[in-house]
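Here, residue 1 is the first one in the sequence, and each next residue gets the next number. Counting starts at 1 for both ligands and their atoms, following the listed order. None of these values were measured; they are calculated from a predicted model.
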Amino acid sequence: MTHRPPLGQHFLRDPNVIKTILAAAELTPNTTALEIGPGKGILTEALVPRVGTLVVVELDKTLARDLQHRFQDNVHVTIIPGDFLRVDLSSLFPRDDARQPMKILGNLPYSITSPIFEKILTWPAWDTGVFLIQREVADRMRSGPGSRSFGILSLAVQLFAKVELILNVKPGAFRPPPKVQSAVIRLRRKVRPDVPPETIPSFFDLAHGAFAHRRKTLGNSLSYHSGLAKKAVENWLKQQSVDPGKRAETLELEDYVRLSEKWAIFRRENGFDIAPDNVYNTERFSD
Ligand code: SAM
């Protein structure tokens, strides 16, 4: 039997949280919006009169059918039954609706937050996203150097977007209440990620290598990860004005950006090239 992640069906019931999400999304009557995991449609219902085009994707067949029924008279609303992780993004807005940047919203199923972000962050069609996610994950996405929660997820999200905390949300805002705290965050997607597309694999390889053994020094961790000799890695780091005795979480996003391309060259020159399939997989955004 294949493992299926739980559907994460905790339905919002607090109208103030809905209001905050709507305000944070800065909607206009011309807005094209995508909602991920509408559930019973509390957010959907609020979005319908406020946007020009709305597409929602819901995995639960019964809930999707109910929503199709409920919004069948709204020609600007499309309910897509299916797994968001499997939908072809380019098919969601077949007409030229998406000419102006789209907004993405969702009270997400927490177990698949990372793969959802991995899927949307490289998609250039949107500019603003407002998401209700687990607070601990929101903290990881927003955190910076020196924080225990700073890691691959922080670097991955911040490479592509600016992240803001909008609201902390208690379990009582949902029915049934989840066991964890939640938070609304807003993402402003950067027009261009901080590294060019061809350098993204080496950015992730470097970040994974640095954080692979987060208690070890950068010299040690990158050497274990890449197979390169520790001395060679330490010398390379020194050449880049990075102290090899530092730990991964003390470097800034800007340091990882600055080092990415040079790291790929260094690896290649020493016969330890980056295997692309080690970088582009669903583990990319997790520590
Ligand atoms: N947005 C609703 C609300 O606030 O009440 C429901 C939120 S609930 C946390 C997550 C929703 O995502 C559920 O309706 C669940 O069925 C749906 N879902 C779970 N996995 C999904 C997937 N892979 N693709 C699309 N929807 C999914």
Side-chain angles (χ1 to χ4, degrees), residues 2-25 27 33-51 54-71 74 77-93 102-121 123 126 128-138 141 166-187 282-283 285-286:
T2 53
H3 171 71
R4 290 170 62 117
L7 291 179
Q9 293 183 333
H10 298 279
F11 301 109
L12 251 181
R13 60 180 196 135
D14 183 339
N16 287 325
V17 178
I18 298 287
K19 248 192 233 163
T20 306
I21 292 174
L22 294 173
L27 307 168
L34 166 67
E35 187 190 353
I36 303 168
K40 294 182 180 170
I42 184 169
L43 179 60
T44 322
E45 192 172 79
L47 285 169
V48 168
R50 287 178 172 81
V51 300
L54 176 63
V55 172
V56 311
V57 182
E58 171 57 58
L59 180 59
D60 185 310
K61 285 198 183 81
T62 311
L63 292 176
R65 208 177 308 121
D66 290 350
L67 292 171
Q68 279 171 330
H69 216 72
R70 198 151 125 212
F71 297 110
N74 297 78
V77 180
T78 308
I79 314 290
I80 298 182
D83 181 350
F84 180 74
L85 296 177
R86 288 165 182 262
V87 292
D88 170 11
L89 293 175
S90 63
S91 72
L92 290 180
F93 298 92
M102 174 208 314
K103 317 275 183 179
I104 309 183
L105 300 99
N107 167 16
L108 300 183
Y110 292 173
S111 62
I112 55 165
T113 303
S114 287
I116 289 175
F117 273 69
E118 187 176 341
K119 180 158 184 161
I120 59 176
L121 279 167
W123 186 32
W126 62 283
T128 308
V130 181
F131 305 100
L132 183 46
I133 61 175
Q134 190 176 335
R135 190 180 305 171
E136 184 252 325
V137 177
M141 288 182 181
I166 303 291
L167 182 73
N168 284 323
V169 181
K170 295 208 160 75
F174 305 85
R175 187 172 287 137
K179 291 201 176 75
V180 294
Q181 301 288 325
S182 304
V184 176
I185 56 160
R186 174 166 59 198
L187 262 61
T282 53
E283 300 303 314
F285 279 22
S286 27

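Taking a heavy-atom cut-off of under 4.0 Å, ligand 1 is surrounded by Leu7, Gly8, Gln9, His10, Phe11, Leu12, Glu35, Gly37, Pro38, Gly39, Ile42, Val57, Glu58, Leu59, Asp60, Leu63, Gly82, Asp83, Phe84, Asn107, Leu108, Pro109, Ile112.
At distances below 3.5 Å, at least one donor-acceptor pair connects side-chain atoms of Lys119 with backbone N or O atoms of Val87.
Across every non-hydrogen atom of Val57 and Pro38, the tightest pair is O-CD, 3.2 Å. Listed here is the closest heavy atom pair of Leu34 and Met102: CB-SD, 3.9 Å.
Within the model, atoms OG1 of Thr44 and CD1 of Ile18 stand 8.5 Å from one another, a figure rounded to the nearest 0.5 Å. Separating the CZ atom in Arg186 from the CD1 atom in Ile166 is a distance of 4.0 Å, to the nearest 0.5 Å.
Listed by first and then second residue, the side-chain hydrogen bond (donor to acceptor under 3.5 Å, both in side chains) pairs involving residues 8-17 are Gln9-Asp60 (not counting sequence neighbours).
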